[in-house]
Peer 1: 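Take this structure, written in structure tokens, and hold onto it; I'll ask about it next.
Numbers restart at 1 for each chain; the letters A, B, ... are given by sequence-line order, proteins then strands.
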Protein chains: 2
Amino acid sequence: MDVALDAARAAGERGEVPVGAVLVDPDGKIIAVDGNRTVETSDPSAHAEMLVIRQACRQAGSERLAGHDLYVTLEPCPMCAAVISNARMRRLYFGALDLKSGGIETGPRIFTHPTCHHAPEVYGGIGEVEAADLLKSFFAARR
Amino acid sequence: MDVALDAARAAGERGEVPVGAVLVDPDGKIIAVDGNRTVETSDPSAHAEMLVIRQACRQAGSERLAGHDLYVTLEPCPMCAAVISNARMRRLYFGALDLKSGGIETGPRIFTHPTCHHAPEVYGGIGEVEAADLLKSFFAARR
């Protein structure tokens, strides 16, 4: 999660919402790290989670990442929750809850529906104070 | 929707789930057409809707497509529903309902939650018989 927090910080320095994600293979090796890039790439889907999943799938030559784990500094939104499910990821570790736009423990709770074909194990609140502080400082500085 | 159905057919011929999407600008001009490419690109996010939204945003140099409309042959999944919302699209026209994996009128009903910050106008059932037939033939041929 420290690596994800560094990626979040770097995203904030680029003027992006400071969220970072790290993707770990079944051997525990980090295979992708990124932060939000929606502004830079003019892509509303370029959240940190989406970017590391797309990168890891491209590297693996597969749409699925069974046995892989994702660390992200903020509760994923519904879009990212759904792609985590599509990619059949094993575990999701996230930092701060996102009461405004989250999709796991708030809002549409993507993994709870019978039409969700795969749900990862979910561990929230990992490094949440630091992750939330990053977001608070970012938005405070913009006001 | 005829153009979207052609894109769905082309996707099926490539071995992809036959779903097609068309993105129309505020003047009614088609600016992006694509079908599913998850297999071809090893990308679990490469649904037809996601691809045309990414392409149109890239062309526009913006994460948002206010005033733009999307035509898709199948009810979007939760991931695509969320990116449609993120992109602030005006209208969504879709063909067949997706009782198995949909995210608009089935499953997590993405646009109904208070944490959904923008919901397009939604018109379902446009060309649904043809869209559903395409999917049925595709899956029947694979069994």
Peer 1: Taking atom CG of B/D2 as the centre, does the number of heavy atoms from other residues, nucleotides or ligands within less than 6.0 Å exceed 12?
Peer 2: no
Peer 1: Once rounded to the nearest 0.5 Å, what's the spacing between atom NZ of A/K100 and atom NE2 of B/H117?
Peer 2: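 Rounded to the nearest 0.5 Å, the NZ-NE2 separation comes to 4.5 Å.
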Peer 1: Would A/L92 end up clustered with A/V19 when hydrophobic side chains under 4.5 Å apart are linked, directly or stepwise?
Peer 2: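 Yes; tracing contacts between hydrophobic side chains, which count when under 4.5 Å, links both residues.
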Peer 1: Only pairs of heavy atoms separated by less than 4.5 Å count here; which of B/R64, B/H47, B/R54, B/R109 has the most with chain A?
Peer 2: B/R54
Peer 1: Would you confirm whether A/H113, through its side chain, and B/T106, through its main-chain N or O, come within 3.5 Å as a donor-acceptor pair?
Peer 2: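 Judged by distance alone, no pair lies under 3.5 Å.
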Peer 1: Highest number of heavy-atom pairs under 4.5 Å with chain B: which of A/S62, A/P78, A/A87?
Peer 2: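 So the answer, after comparing A/S62, A/P78, A/A87, is A/S62.
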Peer 1: Measure distances from B/L99 to the heavy atoms of chain A and classify the residue's part below 4.5 Å as side chain, backbone, both or neither.
Peer 2: backbone
Peer 1: So if you build clusters from Ile, Leu, Val, Met, Phe, Trp, Tyr with side-chain heavy-atom gaps below 4.5 Å, do B/V22 and B/I126 land together?
Peer 2: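 The answer is yes; both residues are in one hydrophobic cluster.
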Peer 1: Should A/E63 and B/V39 count as side-chain neighbours, where that means a heavy-atom distance under 4.5 Å?
Peer 2: yes
Peer 1: Quick check: closest heavy atoms across A/G102 and B/T115, and the distance to 0.1 Å?
Peer 2: O-OG1, 4.5 Å
Peer 1: Taking all non-hydrogen atoms of both residues, which atom of B/C57 and which atom of A/S42 are closest, and how far apart?
Peer 2: CB-O, 3.1 Å
Peer 1: Measure across B/I53 and A/P44 and return the closest heavy-atom pair with its distance rounded to 0.1 Å.
Peer 2: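 B/I53 and A/P44 have their closest heavy atoms at CG2-CG, 3.9 Å.
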Peer 1: Assigning hydrophobic clusters by single linkage (Ile, Leu, Val, Met, Phe, Trp, Tyr; side-chain heavy-atom cutoff under 4.5 Å), is A/L97 placed with A/Y93?
Peer 2: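 Different clusters.
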Peer 1: Does one hydrophobic cluster hold both A/V52 and A/I104, with members joined at side-chain heavy-atom distances below 4.5 Å?
Peer 2: yes
Peer 1: For each of A/S101, A/G103, A/P114, tally heavy-atom pairs with chain B at distances under 4.5 Å, and name the one with the top tally.
Peer 2: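 Result: the option with the highest number of such pairs is A/S101.
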Peer 1: Name the region of B/S45, side chain, backbone, both or neither, that has any atom closer than 4.5 Å to a heavy atom of chain A.
Peer 2: both
Peer 1: Check the hydrophobic clustering (I, L, V, M, F, W, Y; side-chain heavy atoms under 4.5 Å; chains of links allowed) and say if A/L65 and A/M50 are grouped together.
Peer 2: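 They do share one cluster, since a chain of ILVMFWY contacts under 4.5 Å joins A/L65 to A/M50.
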Peer 1: Among the options A/C77, A/A82, A/G107, pick out the one with the most heavy-atom pairs lying under 4.5 Å from chain B.
Peer 2: A/G107
